[in-house]
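The block underneath contains the structure these notes are about, expressed in structure tokens.
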2 protein chains.
Amino acid sequence: MRIGELAERTGTSRRLLRYYEEQRLLTPGRCGNGYRAYEEAHVGRVLQIKGLLDAGLPTRIIRQILPCLDGPPSIHFDDLTPEMTDVLEHEHDQLTRRIDCLTRNRDAIAGYLETVRGMRVRRSEAARGRG
Amino acid sequence: MRIGELAERTGTSRRLLRYYEEQRLLTPGRCGNGYRAYEEAHVGRVLQIKGLLDAGLPTRIIRQILPCLDGPPSIHFDDLTPEMTDVLEHEHDQLTRRIDCLTRNRDAIAGYLETVRGMRVRRSEAARGRG
DNA sequence: CTTGACCTTCCCATCAATGTGAAGGCCGGA
DNA sequence: TCCGGCCTTCACATTGATGGGAAGGTCAAG
């Protein structure tokens with residue numbers, strides 16, 4: 001698949017797909033004429049990258065954690081240094097912290113909305129009572 | 001408390017505290033001499049802002065959701081338009097999506113690390129068996 | 001053979017978050 | 001009184017994720 005189709009199927013601009021490649025998040029092959037050649041699997045990969053970027057992770061972190069998500073670790077086991085597992089553990093904890101922060105704030109918003117709805121109901125009940 | 005102390009206690013640069021104020025995320029008072037005067041409560045507020053920024057929310061969104069996290073909504077009920085609740089619901093869903101994405105990836109990392117540790121153990125067992 | 005829709009690289013622009021430094025005011029201690 | 005450390009505003013620089021255009025190559029259809 002060429003860049004245009006991947007862009008369409010992932011809702012990403014071609015520009016960004018090239019940027020992700022420059023950041024080594026994506027490594028498409030090349031056709032004889034120089035066009036980038038993407039695999040089916042790249043669709044999911046791009047969506048994953050987008051999700052992580054949207055969640056606030058910088059590309060350099062995404063680059064570090066992406067290889068682990070590819071398949072069974074045995075594939076990547078050989079070049080897995082102790083420093084790498086340290087990085088992964090650190091990122092795991094960071095993610096947990098981020099998740100907690102987002103969850104706290106989401107729940108606060110939920111609680112707020114709920115209270116507001118409660119007030120609405122009571123208000124309209126009061127209005128009915130008066131009317 | 002002046003800006004230096006708040007910066008120190010929150011691990012934020014003075015520059016950023018002024019930036020947050022410019023973005024209307026923080027509204028310190030002023031001393032007679034023009035110095036910013038922060039309250040104790042601003043410490044938590046800054047940490048919350050930092051957490052949300054770090055989680056990828058832009059200041060304009062944080063500005064919208066911060067008032068809801070301040071206390072009982074009744075205080076802010078009067079200026080709560082329907083558009084505002086729409087924004088909040090939208091942000092709530094966005095946060096949920098973000099949380100799900102981060103959770104999936106964190107769990108994938110956890111699984112990866114676990115598998116790697118399992119392989120380590122089996123390797124060393126094999127080495128003992130041979131030795 | 002031309003046209004149009006792709007693709008390539010290169011480069012410049014933008015926006016948000018942040019760093020940094022200049023020029024100057026306040027203030028407490030030697 | 002002067003100095004050092006804090007504060008002010010203003011302004012320019014940088015970084016990361018994007019958008020956009022220019023100049024040119026590829027290729028299928030008319």
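Order of the sequence lines sets the chain letters (A, B, ...), proteins ahead of strands, with each chain counted from 1. In this text the structure is predicted, and so the values were computed from the model without any measurement.
In this structure, the side chains of A:Y19 and A:L16 come closer than 4.5 Å at one or more pairs of heavy atoms. Counting heavy atoms from C-beta on, the side chains of B:R60 and B:Q64 never come closer than 4.5 Å. By the 4.5 Å heavy-atom criterion applied to side chains, B:I65 and B:L57 are counted as neighbours.
Residues A:C101 and B:L52 come closest through the heavy atom pair SG-N, 4.0 Å.
We find the CD1-CZ distance between B:I49 and B:R63 to be 11.0 Å, quoted to the nearest 0.5 Å. To the nearest 0.5 angstrom, A:I61 atom CD1 is 11.5 Å from A:L66 atom CG. Atom CZ of residue A:R98 and atom CD of residue A:E91 lie 8.0 Å apart, to the nearest 0.5 angstrom. A distance of 11.5 Å separates CD1 in B:I3 from NE2 in B:H42, rounded to the nearest 0.5 Å. Taken from CG in B:L88 to CZ in A:R106, the straight-line distance is 14.5 Å, to the nearest 0.5 Å.
Protein chain B contacts DNA chain C from C:dA16 to C:dC27, reading 5' to 3' and using non-hydrogen atoms of the protein with a distance under 4.0 Å. Contact footprint of chain A on DNA chain D: nucleotides with an atom under 4.0 Å from a non-hydrogen protein atom, first to last in 5' to 3' order, D:dG16 to D:dC27.
A side chain to side chain donor-acceptor pair (under 3.5 Å) check over residues 43-57 of chain B, counting only residues at least two apart or in different chains, returns the pairs A:N105-B:Q48, B:R45-B:D70.
For the segment residues 8-18 of chain B, residues with any heavy atom less than 4.0 angstrom from an atom of DNA chain D are, sorted by number, B:R14, B:R15, B:R18. Residues from residues 31-62 of chain A with heavy atoms under 4.0 angstrom of DNA chain D, sorted by number: A:N33, A:Y35, A:L53, A:P58, A:T59.
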Which donor-acceptor pairs under 3.5 Å do side chains of residues 34-41 of chain A form with protein atoms, sequence neighbours excluded?
from	atom 1	to	atom 2	distance (Å)
A:R36	NE	A:E21	OE1	2.5
A:E40	OE2	A:R9	NH1	3.4
A:E40	OE2	A:R9	NH2	2.4

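No more than 12 heavy-atom neighbours from other residues, nucleotides or ligands sit within 6.0 angstrom of CD on B:E8.
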